[in-house]
Structure formats: C-alpha cells, structure tokens
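Below is one structure, written out as structure tokens; the observations come after it.
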Amino acid sequence: MNYLYLGVRDLYLPAAAAYMHLNAKTRPEEQELLALPYFRPARKADEGRLYRFGRDANNHTVYIACVPDHPDVFIKGVQSLLTIYGLSPSQIKVVPCLLENLQLAGIFRLLTKIGLGSIADNLGSRVVFNRLDDLARLVF
Amino acid sequence: MAGKKIIYHCYGGAHSSVVAAAIHTGKLDAQKVPAADELLSLTLFDRQTQAGHGQLHFFGFDEGNNEIYSVGCRNVGGMMEKFLTEIAQILGFAGDLFFVDTLHCVSVPMRIGGYLSRRLGLVALGRPLVVEGTRAAYPRLAALVQQVKAQVLT
C-alpha cells in the first residue's frame with residue numbers, strides 16, 4: 001500500500017503530514033519540520049511530480065506531491081487508474097492536504113523569489129501548526 | 001502481448017476526446033464526417049458532467065490491442081499526464097500510458113456550445129452548436145488519431 005499526501009501549489013502541508021505519518025507524531029517540533037527535505041515553497045517544476053518520503057512502520061511507502069489546481073480531478077484519476085489496472089483502491093491512498101487560502105502559496109513563492117526563503121519556511125511552519133489538528137485527523 | 005493504454009484527454013471529456021477515442025476504435029469512420037445522430041449516439045458525447053472529470057472511460061481496443069480511453073482533465077491536462085505517468089511508474093507499469101491532448105483540435109463553436117451545454121446546462125442551445133463545431137473539427141481530430149496510430153502501432 002502507498003500513501004500520497006497531496007497539496008495544491010504547496011508542499012509544506014503534505015511534507016508535514018508525511019513526517020507525522022512516518023514518525024507517528026501528532027505534535028512535531030518546528031525544527032524537525034524545517035529540517036525536512038521538501039519543507040519548502042512548491043515550485044512550478046514540483047507540480048505533478050511525486051516525491052518519495054520514506055516507509056512507515058507497516059512497510060507502506062509514503063509520497064508527497066503537489067498539483068496546480070483541481071485536486072478532485074487528480075484523485076479521481078488515480079482511483080480510475082487503479083481500477084483499470086485491476087488493483088484495489090486501497091493500493092494508493094491519496095490524502096488531500098489543502099491550504100485554506102491558496103494566496104498563501106503565491107506569497108511563499110514570492111518570498112523565495114526575492115531571497116527570503118527562510119521567512120517563507122517560517123510562515124510555512126506557522127501554517128502547518130495552525131492546521132496541526134486537521135493534519136492529525138487526516139493522517140491518523 | 002498487452003498493448004498500451006492510449007488516453008485521449010480534453011477539458012470536459014464530453015466532445016473532442018470522446019470523438020477521437022471513437023475514431024481510434026473504429027466506432028466512427030475517420031474518412032467521413034459523421035452526421036449529428038452518429039455523434040449523439042456516442043454514450044459520452046455531450047453528456048459528461050463535472051463530477052466525471054478525472055474518470056478514465058474505456059472505449060475499446062484498437063487493431064494493435066491497445067486500450068483506448070477518454071478523460072476530461074479541465075485545464076490541468078498536461079499536469080495530469082505527468083502525475084498519472086508517475087503513479088503508473090510506482091505501480092510498476094512504467095511506459096504503459098500514452099496521453100493525447102485533443103484540445104488543440106477544438107473549434108470555437110465547440111467551445112461555446114460545450115460551455116452552454118455542459119457548464120450552464122443550456123443543452124437545447126449548446127448541443128446543436130457543439131455538434132456543428134465537432135463536425136467542422138472532425139478532419140483535424142481524424143488526422144490526430146491517424147498520427148497517434150502511426151506512432152503507436154509501428
């Protein structure tokens with residue numbers, strides 16, 4: 001079984017969710033989040049790509065990805081693809097981790113563009129901490 | 001040997017991708033522009049709804065035993081190609097999917113008719129327009145399918 005945490009124009013929430021999943025943690029530390037490999041603003045080139053995050057205790061592979069828009073279309077596409085391959089729908093569990101305000105994704109990108117990547121990361125971690133309960137509900 | 005999965009995609013999965021898939025499987029004659037009732041006899045033609053976007057619809061097999069599908073991807077068709085290709089890769093089916101964007105074959109009347117019929121629900125107004133638009137775009141769709149066949153079947 002594979003888990004895919006899916007963001008829209010954002011990698012902060014999917015990366016935090018994947019970290020919580022892999023480490024069975026509902027309250028990660030800020031420093032732990034900031035040290036994660038994909039805990040950064042999503043770039044155009046990230047959109048549509050899958051990043052392998054690791055394997056959990058049950059040997060399930062955890063991925064993260066971000067898409068530009070319409071997450072429902074991508075989720076349905078995955079389910080549909082599993083069906084045509086004759087695989088169980090549980091083969092890939094897609095968990096949408098969506099920003100409440102998509103404008104934030106633009107702000108993250110803008111901050112990175114003007115060389116303020118660390119401020120973007122701090123803002124990203126604030127967003128994650130603000131949504132921690134939601135993420136915990138999605139993951140566990 | 002199992003063939004590829006050829007997936008025609010457009011915005012709504014209701015017109016150009018459906019017609020291209022029908023041409024590819026031989027349900028429509030590539031050499032002759034179909035009549036309105038032939039187009040409307042296709043199950044999905046001008047019938048797909050927003051809820052069906054992302055869903056792959058199986059049309060049948062071609063002469064090379066490739067499976068033919070159509071899908072509506074809204075404005076994220078290119079990204080959907082990339083995403084599902086990666087998904088297929090992690091499932092162990094790398095190189096199995098062949099995506100074809102049919103959106104560039106779409107004519108203006110098709111766009112307007114499709115919008116009226118599918119988006120606004122004004123079927124009586126939009127459908128005749130989209131049928132005429134599809135008939136006008138038919139040679140382009142047939143040529144695209146021809147190119148795809150030449151690429152995949154050789």
Side-chain angles (χ1 to χ4, degrees), chain A residues 1-11 14 18 38 42-56 59-96 98 102 105, chain B residues 2-14 17 21 44 48-61 65-101 103 118-119:
Chain A
M1 183 167 173
N2 301 283
Y3 285 88
L4 172 60
Y5 292 98
L6 183 72
V8 172
R9 289 179 240 162
D10 164 58
L11 283 174
Y38 298 107
R43 296 185 281 255
K44 272 265 171 238
D46 293 320
E47 291 176 352
R49 286 195 63 189
L50 263 60
Y51 296 114
R52 193 177 183 279
F53 226 77
R55 275 184 185 275
D56 69 8
N59 214 22
H60 299 146
T61 313
V62 176
Y63 296 88
I64 64 166
C66 79
V67 293
D69 218 341
H70 307 299
D72 56 320
V73 174
F74 290 90
I75 293 169
K76 196 160 274 179
V78 173
Q79 290 166 347
S80 198
L81 195 64
L82 290 170
T83 311
I84 67 173
Y85 280 127
L87 299 170
S88 153
S90 62
Q91 190 79 23
I92 298 184
K93 189 178 176 201
V94 184
V95 184
L98 311 178
L102 263 183
Chain B
K4 284 183 180 296
K5 296 185 193 320
I6 300 172
I7 302 167
Y8 288 96
H9 66 87
C10 62
Y11 185 92
S17 61
L44 281 171
Q48 178 76 277
T49 61
Q50 281 235 338
H53 291 172
Q55 176 92 39
L56 300 162
H57 295 278
F58 180 60
F59 264 74
F61 294 92
N65 210 26
N66 300 299
E67 295 171 26
I68 312 302
Y69 295 87
S70 78
V71 64
C73 299
R74 297 188 197 152
N75 58 349
V76 288
M79 208 51 72
M80 187 80 153
E81 291 186 11
K82 196 169 152 188
F83 186 73
L84 289 186
T85 302
E86 292 219 13
I87 293 283
Q89 217 163 353
I90 65 170
L91 292 171
F93 298 102
D96 198 35
L97 304 180
F98 189 93
F99 288 91
V100 184
D101 188 355
L103 213 48
R118 298 297 84 212
R119 188 68 180 264

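In what follows, chains are A, B, ... by sequence order, proteins preceding strands, each numbered from 1.
- Test A/I92, A/N2, A/L82 against B/I87 for side-chain contact (heavy atoms from CB on, under 4.5 Å) and you get one pass: A/I92.
- In this pair, B/F83 and A/F74 present their aromatic rings perpendicular. The plane angle is above 60°, beyond the 30 to 60° band.
- The local environment of CZ in B/R119 is sparse, with at most 12 non-hydrogen atoms from other residues, nucleotides or ligands closer than 6.0 Å.
- Only the side chain of B/Y69 comes within contact range of chain A, with heavy atoms under 4.5 Å apart.
- Closest heavy-atom contact between A/L50 and B/E86: N-OE1, 3.0 Å.
- Within the 3.5 Å criterion, the main-chain N or O of A/E47 finds a donor-acceptor partner in the side chain of B/K82.
- With values rounded to the nearest 0.5 angstrom, A/H70 atom NE2 is found 4.0 Å from B/N75 atom CG.
- Counting heavy-atom neighbours within 6.0 Å of B/R74 CZ, excluding the residue itself, gives a total above 12.
- Proximity to chain A (any heavy atom under 4.5 Å) is shown, for B/V71, by neither the backbone nor the side chain.
- Chain B forms the most heavy-atom pairs under 4.5 Å with one residue out of A/V78, A/T83, A/D69, and that residue is A/V78.
- A/S80 approaches B/G54 most closely through the heavy-atom pair CB-O, 4.0 Å.
- If you take CD1 on A/I84 and CG on B/D96, they are separated by 8.0 Å, rounding to the nearest 0.5 Å.
- Contact annotation for A/Q91: only side-chain heavy atoms (C-beta onward) come within less than 4.5 Å of a heavy atom of chain B.
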Inset, instruction - Any chance you could lay out the side chain to side chain contact (heavy atoms under 4.5 Å, CB included) test for B/I90 and A/T61, step after step, and finish with the verdict? - result: CA-CA 10 Å; B/I90 65 170; A/T61 313; over 6 Å; no
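- You'll find the side chain of B/L91 reaches within 4.5 Å of the side chain of A/L87, heavy atoms only.
- Both the backbone and the side chain of B/L56 have a heavy atom closer than 4.5 Å to some heavy atom of chain A.
- Taking each heavy atom of B/M80 and A/V73 in turn, the nearest pair found is CE-O, 3.4 Å.
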